[in-house]
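A quick write-up on the structure given underneath.
In what follows, every heavy atom counts, from backbone to side chain, and hydrogens, waters and symmetry copies are set aside. The chains referred to below are lettered A, B, ... by the order of the sequence lines, with proteins before strands, and numbering in each begins at 1.
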Protein chains: 2
Amino acid sequence: MSKPAARTRLADAAFALFDERGYEQTTVDDIAERAGVGRTTFFRHYRSKEDVIFPDHDRMLEQIQDRLATSSHATALAAVSDAVRLVLLHYLAEGDLARRRYRLTSKVAALRDREIASVARYQRLFREFIANWMGDSTESASLRAELMAAAVVAAHNHVLRRWLRGESPDPVAEVDEAMREVLSLFPGPRSPSETGDGGTTVVAFRTGQDLDLLLPSLRRLVEGQTGQ
Amino acid sequence: MSKPAARTRLADAAFALFDERGYEQTTVDDIAERAGVGRTTFFRHYRSKEDVIFPDHDRMLEQIQDRLATSSHATALAAVSDAVRLVLLHYLAEGDLARRRYRLTSKVAALRDREIASVARYQRLFREFIANWMGDSTESASLRAELMAAAVVAAHNHVLRRWLRGESPDPVAEVDEAMREVLSLFPGPRSPSETGDGGTTVVAFRTGQDLDLLLPSLRRLVEGQTGQ
DNA sequence: TTATGAACGGTACTCAGTACCATTCCGGTG
DNA sequence: CACCGGAATGGTACTGAGTACCGTTCATAA
């Protein structure tokens, strides 16, 4: 008699039943029964019915936290981009499982909300990391941290969803490209080595944009992100 | 005997009990009892226990949808910024109620998740509106829509949270400023009226930034948002 | 007055999640 | 081998949210 750890059997049974009858139409009793274990055992392995579908978000969050804590990047945004890359890789490693979960979350509002809440925790982590990194506790720096975290997470979600829908043959390349896009939105401060005469660039262009709209961007380009 | 619509009494009773004993320690029976109505009546007025705290997110969402549908703005981002301003005003109109809710959501994970899920619905609405507006269904346009929606929502949340914590004396001015910041992140396309010779501007500046990082921004500035 | 429909209250049910207790299984120790 | 101790398991019973259904009350209009 093989005993694939009960935990595995529970997850298999759960996904199978969710596919057959739908999430709400499946009770925990059903899952336990099909897995051939008692109801109590189910709740020993998974804190809740939803947890069968999102088993390792907690572990992932810690992993990301560690990665950020030990990261050595030139900018906060680079560190966070690197960390969010880890999240994507985790999903990719799950392969088909991630896609089955996606199909479920697309249909069941409760699961979608749960997923969103998890992502929000990443975003919060990023925001705090960036704000902390910048040191600067002014209101505008804080807003900037918020915008950066939101952008990184949005870019990640964008690529992830594309992959989950089977629209992205190479999500890793896409996420890297998307992160470049994000980085380009937030011109960083000039590093000390760049403040010499060597780093000078002159650009001339023409635009119909309102000057008021353009000013903040230009100010940051010239003064660095602590400006304003 | 005054009968303030029962619904109001239920909400009052709920908030009072949540403050006294905490959210989880309060049952729906408790709320109904204090409001002087039956348990059934509670669920007639509010779909769930959480709903007492977030009574009109649904209505708000529709209101925003209407606003977007009938909006006449030069750019999608301007329309969305205007719409999200409505959300902020709604919170401000709630006054102290919004602050009590914030205190609750700060403590109770389930409520925080619920709030986050609501905000995500706004973001989704914005993303679809922007993507639709742009027409352009390329991958990079889609990513851009995602980033814009995320930025607008993040900026709104930032100002809202500041106000909820009592850190913002003039949130309306702050949200306008924050939206300008967001707009400045995403240089828009030049409108037809601006393509004439009259709108020409020449800017020269010096930067230590890597050229690769700068290029996408510049390209968009020159070619408009459909570029890439 | 009666008719009608909306709001209400009560009962009974399902199901998620918790608490507790008894049992079994398994490896180590005497 | 007999015994022990812990870990995994299963069962029972409970709380509380949410649903379904039914009978009653109450206001208003005819």
Side-chain angles (χ1 to χ4, degrees), chain A residues 1-18 20-55 57-58 101 104-105 107-115 117-118, chain B residues 1-55 57-58 104-105 107-115 117-118:
Chain A
M1 266 314 106
S2 59
K3 282 188 69 183
R7 184 182 167 86
T8 315
R9 278 195 321 230
L10 279 166
D12 289 345
F15 270 92
L17 285 168
F18 293 163
E20 291 173 18
R21 323 179 191 171
Y23 180 79
E24 275 113 350
Q25 284 65 45
T26 303
T27 72
V28 173
D29 282 293
D30 296 336
I31 301 171
E33 189 186 358
R34 174 170 299 203
V37 301
R39 198 178 107 93
T40 312
T41 300
F42 175 91
F43 283 106
R44 272 206 198 85
H45 286 282
Y46 300 98
R47 276 177 302 198
S48 70
K49 189 178 162 188
E50 296 176 358
D51 243 40
V52 193
I53 307 183
F54 309 101
H57 257 146
D58 287 354
R101 188 193 304 130
L104 281 175
T105 53
K107 282 181 191 151
V108 184
L111 298 179
R112 187 166 45 239
D113 289 356
R114 163 78 181 252
E115 173 94 70
S118 296
Chain B
M1 267 311 110
S2 60
K3 282 188 68 183
R7 183 180 169 88
T8 314
R9 282 198 321 248
L10 279 167
D12 289 345
F15 270 92
L17 286 169
F18 293 164
D19 282 342
E20 290 173 20
R21 324 180 189 170
Y23 179 78
E24 275 113 350
Q25 283 66 44
T26 303
T27 72
V28 173
D29 283 292
D30 296 336
I31 301 172
E33 189 186 357
R34 175 169 299 204
V37 301
R39 199 178 108 91
T40 311
T41 300
F42 176 91
F43 283 106
R44 272 204 197 88
H45 285 283
Y46 300 99
R47 275 176 303 199
S48 71
K49 190 177 161 188
E50 297 177 357
D51 245 40
V52 194
I53 307 185
F54 309 101
H57 258 147
D58 287 355
L104 280 175
T105 52
K107 283 182 190 147
V108 185
L111 298 180
R112 187 166 45 239
D113 290 357
R114 164 75 183 253
E115 173 93 69
S118 296

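When the nearest nucleotides of DNA chain C are assigned to B/Thr41 and A/Thr27 by heavy-atom distance, the more 5′-ward of the two goes with B/Thr41.
Here the P atom of nucleotide C/dA16 and the CD atom of A/Glu33 are 14 Å apart, to the nearest Å. Distance B/Tyr46 OH to D/dG18 P: 14 Å, rounded to the nearest Å. Atom CZ of A/Arg7 and atom P of D/dA8 are 12 Å apart (whole Å). Following rounding to the nearest Å, A/Asp51 (CG) and C/dA16 (C1') show an atom-to-atom distance of 13 Å. Between the P atom of D/dC14 and the CZ atom of A/Arg39 lies a distance of 14 Å, rounded to the nearest Å. Computed from coordinates, the A/Ile53 CD1 to C/dA16 P distance equals 12 Å when rounded to whole Å. The distance between atom CD1 of A/Ile31 and atom C1' of C/dG17, rounded to the nearest whole Å, is 13 Å. For the pair B/Phe42 CZ and C/dG10 P, the computed distance is 16 Å after rounding to whole Å.
Across C/dG9, D/dG16, C/dC8, the shortest atom-to-atom separation from the side chain of B/His45 is found for C/dC8. When the nucleotides D/dG18, D/dA13, D/dG16 are ranked by their closest atom to the side chain of B/Lys49, D/dG18 comes out on top. Nearest to the side chain of A/Phe43, among D/dG10, D/dG16, C/dG17, sits C/dG17.
Side-chain contact between A/Tyr23 and A/Glu50 is present, with at least one heavy-atom pair separated by less than 4.5 Å.
Checked for salt-bridge contact, B/Arg47 and B/Asp58 meet the test: a charged N lies under 4.0 Å from a carboxylate O. For A/Arg34 and A/Asp12, the salt-bridge test fails: no basic side-chain N is under 4.0 Å from an acidic carboxylate O.
For the pair B/Lys49 and B/Phe42, the NZ or CZ position fails the cation-pi test of under 6.0 Å to the six-membered ring centre and within 45 degrees of the ring normal.
Every residue two or more places apart in sequence or in another chain was checked for a ring pair (Phe, Tyr, Trp, His ring centres under 6.0 Å) with A/Phe15, and none qualifies.
At the heavy-atom level, B/Thr40 lies under 4.0 Å from base atoms of the strands shown.
Not one side-chain nitrogen or oxygen of B/Ser48 sits closer than 4.0 Å to the OP1 or OP2 atom of D/dA17.
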